[in-house]
Amino acid sequence: IKELNLIKVPGSEGRMKYKILEGNNREDYLQKLRRKIQDVVMKVDCVNNLILLKTLPGNAHVIGVLLDELKWDEMIGCVCGNDTCLIIVRSPEDVETICDRILA
């Protein structure tokens, strides 16, 4: 968490969420995402306008935070659990673009 410059902050309804410390630029987020994907993503699967990343337990939220911070136009957002990150993409055509970025 420290290496990724993440901190836990109170969110809505008193729940804690991860937040990236300010001062990072887009390239920093991309490098951290690439490193984290190499380390913890076990499987990538796509269907229609959804991408599912299966991670080692306890790592999906970090992937989701990094993806959200990149603010890719093709991506609507992420829903993450303990070991699964569901990426919602605007169109089926954009799935290939996002998958290529993730697998690069």
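Being a predicted model, the structure only gives us computed values, none of them experimental.
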message = Taking Leu103 as the starting point, is it possible to reach Val47 by hopping between hydrophobic residues whose side chains are less than 4.5 Å apart?
response = no
task = Please step through side chain to side chain contact (heavy atoms under 4.5 Å, CB included) for the pair Asp94 and Asn49, ending with a clear verdict.
result = CA-CA 7 Å; Asp94 291 333; Asn49 66 322; over 6 Å; no
inquiry  = Just to verify, what does Leu70 make a side chain to side chain contact (heavy atoms under 4.5 Å, CB included) with, not counting sequence neighbours?
reply    = Arg26, Tyr29, Leu30, Leu33, Trp72
query = Can you tell me how far CD of Glu96 sits from SG of Cys46, rounded to the nearest 0.5 angstrom?
reply = 9.5 Å
query = Looking only at heavy atoms, which two atoms of Cys80 and Cys85 are closest? And how far apart?
reply = SG-SG, 3.2 Å
message = Please tell me whether Val40 and Val44 are part of a single hydrophobic cluster in this structure, the criterion being side-chain heavy atoms less than 4.5 Å apart.
response = yes
query = Is it the case that one hydrophobic cluster holds both Tyr18 and Leu86, taking links as side-chain heavy atoms less than 4.5 Å apart, direct or via other members?
reply = no
query = Do Ile76 and Val89 sit in the same hydrophobic cluster, where Ile, Leu, Val, Met, Phe, Trp and Tyr count as joined when their side-chain heavy atoms come under 4.5 Å apart?
reply = no
request  = Hey, could you give me the CE/CG distance between Met42 and Asn59, rounded to the nearest 0.5 Å?
outcome  = 10.5 Å
message = Tell me the closest heavy-atom pair linking Thr55 and Ala60, and the distance in Å.
response = OG1-N, 3.4 Å
ask   = What distance do Glu69 atom CD and Lys71 atom NZ have between them, rounded to the nearest 0.5 Å?
value = 4.5 Å
N/O donor-acceptor pair under 3.5 Å between Asp100 side chain and Ile98 backbone = no
key: Shared hydrophobic cluster for Met75 and Ile88 (ILVMFWY, side-chain gaps under 4.5 Å)   = no
inquiry  = Using a 3.5 Å distance criterion without hydrogens, assess whether the side chain of Asp83 forms a donor-acceptor pair with backbone atoms of Leu56.
reply    = no
request  = Please round to the nearest 0.5 Å and tell me the distance separating atom CZ of Arg101 and atom CD1 of Ile37.
outcome  = 12.0 Å
request  = Please step through side chain to side chain contact (heavy atoms under 4.5 Å, CB included) for the pair Ile87 and Ile102, ending with a clear verdict.
outcome  = CA-CA 11 Å; Ile87 304 166; Ile102 288 171; 3.6 Å; yes
remark   = What one should report as the nearest heavy-atom pair of Cys99 and Ile51 is SG-CD1, 3.8 Å
inquiry  = Using a 3.5 Å distance criterion without hydrogens, assess whether the side chain of His61 forms a donor-acceptor pair with backbone atoms of Gly81.
reply    = yes
